[in-house]
Amino acid sequence: MVRTSDPSALKRASAGSYRSTDGRFTVEQASGRWLVLDGEQLDELGLPLTRGPFSTLDAARAAIAEAREGPAPMSQLPGRMATLRREGRAAVPSGASRHPGRPAARDQRLPRSETAAAPPAARSAGSAASAAAVSAPPRAEIRTYRAGEGAALRGFWSTVGFRSLGDDDESLDRLAERNPGLVVVGSVGEAIVATALGAWDGRRGWIYHVAVAEELRRTGLGRRIIHEVERRLRALGCPKVNVIVGDDNEGAARFWAAMGYSSPPARQYGKEL
């Protein structure tokens with residue numbers, strides 16, 4: 001019997017998901033294999049470093065034990081966020097475009113109290129202590145899309161460069177009505193800061209328009225909103241979910257691979273009606 005005080009012990013978090021007692025590692029099942037996510041070490045996108053896939057849960061446990069033998073890595077995310085805030089610019093994943101010259105939608109900006117840089121006293125030294133003094137980014141609420149929020153969503157998407165085709169109020173409300181609870185947004189106060197439009201055709205699930213506000217990227221918000229859509233699809237009995245990624249969007253491809261999604265050797269065909 002494993003002692004719960006053992007930091008290496010894995011406790012079941014949900015179907016196909018385990019977490020180490022100390023919270024550092026998460027083990028998730030994807031396509032019949034296991035991925036190990038290290039919460040104390042980030043990859044180049046700011047996502048938890050992923051090890052695997054492993055064919056068995058025991059192999060994943062062995063990988064965790066091996067990772068613990070080295071020095072415990074420390075996340076540089078707080079320091080990077082502090083630097084970006086002092087410089088007045090947002091964190092953008094590799095491969096994403098900034099769309100220079102495009103003004104942000106005024107009603108989508110976060111409250112100044114949520115996004116302002118640290119006071120001068122906290123910025124003076126430039127040391128680890130001053131970086132730690134900078135307040136953490138606001139934690140977004142993950143919730144279901146509400147009918148009539150089309151204008152807010154389109155305003156948000158314009159700031160991240162999405163081509164909004166067929167996203168009028170009627171289409172969005174119809175999507176939400178046909179897929180109850182699957183159209184999900186992240187919000188901070190009244191501002192929408194993330195989206196993931198889920199759908200299920202009765203055979204396969206789909207996720208569209210995944211986006212996170214630039215100032216909240218590399219904070220885990222993208223992973224949170226995708227996990228929430230996956231949870232809701234799984235509860236409906238959906239066995240598999242698909243996403244579409246452009247061949248030129250390398251940053252998105254790395255994000256989905258880190259989330260456990262694979263790209264089969266197939267062609268995607270489409271036609272605008």
Side-chain angles (χ1 to χ4, degrees), residues 28 30-31 35 37 42-48 50 90-99 102 104-105 108 137 139-146 149-150 152-167 171-172 175-176 178-188 191-201 204-234 236 238 240-264 268 270:
E28 296 182 352
S31 302
L35 297 173
L37 284 65
L42 305 179
D43 63 15
E44 67 276 10
L45 292 177
L47 298 170
T50 302
V92 180
S94 175
S97 62
R98 288 182 175 273
H99 298 276
R102 184 194 298 272
Q108 292 302 314
R139 183 170 177 83
E141 173 193 2
I142 305 297
R143 61 170 176 80
T144 302
Y145 164 84
R146 299 164 185 160
E149 288 188 307
L153 264 64
R154 289 188 295 272
F156 167 64
W157 289 332
S158 72
T159 69
V160 296
F162 270 8
R163 178 192 177 203
S164 191
L165 176 66
D167 292 325
S171 297
L172 288 170
L175 175 68
R178 293 184 178 181
N179 299 275
L182 296 182
V183 180
V184 177
V185 304
S187 62
V188 174
I192 290 178
V193 295
T195 58
L197 312 188
W200 186 36
D201 60 17
R204 293 287 183 262
W206 294 86
I207 305 178
Y208 307 98
H209 278 21
V210 176
V212 174
E214 291 185 355
E215 63 268 28
L216 291 179
R217 292 176 185 173
R218 305 189 184 193
T219 65
L221 178 54
R223 181 177 293 275
R224 285 177 57 209
I225 199 168
I226 295 304
H227 279 168
E228 179 60 21
V229 176
E230 291 174 340
R231 183 188 68 80
R232 298 183 183 196
L233 283 167
R234 190 181 299 114
L236 293 173
C238 177
K240 183 179 180 181
V241 61
N242 297 321
V243 296
I244 300 175
V245 179
D247 290 338
D248 59 343
N249 197 338
E250 296 181 1
R254 289 195 296 270
F255 169 80
W256 288 110
M259 292 292 295
Y261 286 67
S262 60
S263 178
Q268 175 75 35

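- Interatomic distance, Leu37 CG to Glu28 CD, rounded to the nearest 0.5 Å: 5.0 Å.
- Remark: Asp167 pairs with Ser164, His209 by the side chain to side chain donor-acceptor pair (under 3.5 Å) rule, at least two apart or across chains.
- Residues Tyr145 and Leu153 have side chains in contact (heavy-atom distance under 4.5 Å, counting atoms from C-beta outward).
- Between the CD atom in Glu215 and the CG atom in Leu221 there is a gap of 10.5 Å [rounded to 0.5 Å].
- Evaluation of the side chain to side chain donor-acceptor pair (under 3.5 Å) rule for Arg154 yields Asp169 as partners, not counting sequence neighbours.
- Atom OH of residue Tyr261 and atom CH2 of residue Trp256 lie 5.0 Å apart, to the nearest 0.5 angstrom.
- Scanning for side chain to side chain contact (heavy atoms under 4.5 Å, CB included) contacts around Thr144 gives Arg232, with sequence neighbours left out.
- Put simply, the side chain of Arg234 does not reach to within 4.5 Å of the side chain of Val241, judged on heavy atoms.
- A pairwise comparison of heavy atoms in Cys238 and Gly205 identifies SG-N, 3.3 Å as the closest pair.
- Under the side chain to side chain contact (heavy atoms under 4.5 Å, CB included) criterion, Ala196 pairs with Ile207, Val210, Ile225, Ile226, Val229, sequence neighbours left out.
- Closest approach of Asn179 to Ala199, counting heavy atoms only: OD1-CA, 3.3 Å.
- In this structure the side chain of Arg254 never reaches within 4.5 angstrom of the side chain of Met259, judged on heavy atoms.
- Remark: Arg204 pairs with Asp201, Trp206, Pro239, Lys240, Asn242 by the side chain to side chain contact (heavy atoms under 4.5 Å, CB included) rule, at least two apart or across chains.
- A heavy-atom distance below 4.5 Å is not found between the side chains of Thr195 and Val184.
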*Give the intermediate values and the outcome of side-chain contact (heavy atoms from CB on, under 4.5 Å) for residues Thr219 and Val212.*
CA-CA 10 Å; Thr219 65; Val212 174; 5.7 Å; no
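- Considering only heavy atoms from C-beta on, Val185 comes within 4.5 Å of Arg143 through its side chain.
- Atom-to-atom distance recorded for Arg223:CZ and Arg218:CZ is 14.0 Å, nearest 0.5 angstrom.
- Residues passing the side chain to side chain donor-acceptor pair (under 3.5 Å) test with Trp200: none are found, sequence neighbours excluded.
- Asn249 places a side-chain N or O within 3.5 Å of a backbone atom of Ala252 that can act as its donor or acceptor partner.
- Of all the heavy atoms in Ile192 and Ala152, the pair that sits closest is CD1-CB, 3.8 Å.
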*Evaluate the side-chain contact (heavy atoms from CB on, under 4.5 Å) criterion for residues Leu175 and Leu197: first the C-alpha distance (whole Å), next the side-chain angles of each, then the deciding distance (0.1 Å), finally the verdict.*
CA-CA 9 Å; Leu175 175 68; Leu197 312 188; 4.1 Å; yes
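- Minimum heavy-atom separation, Phe156 to Ala211: CE2-CB, 3.8 Å.
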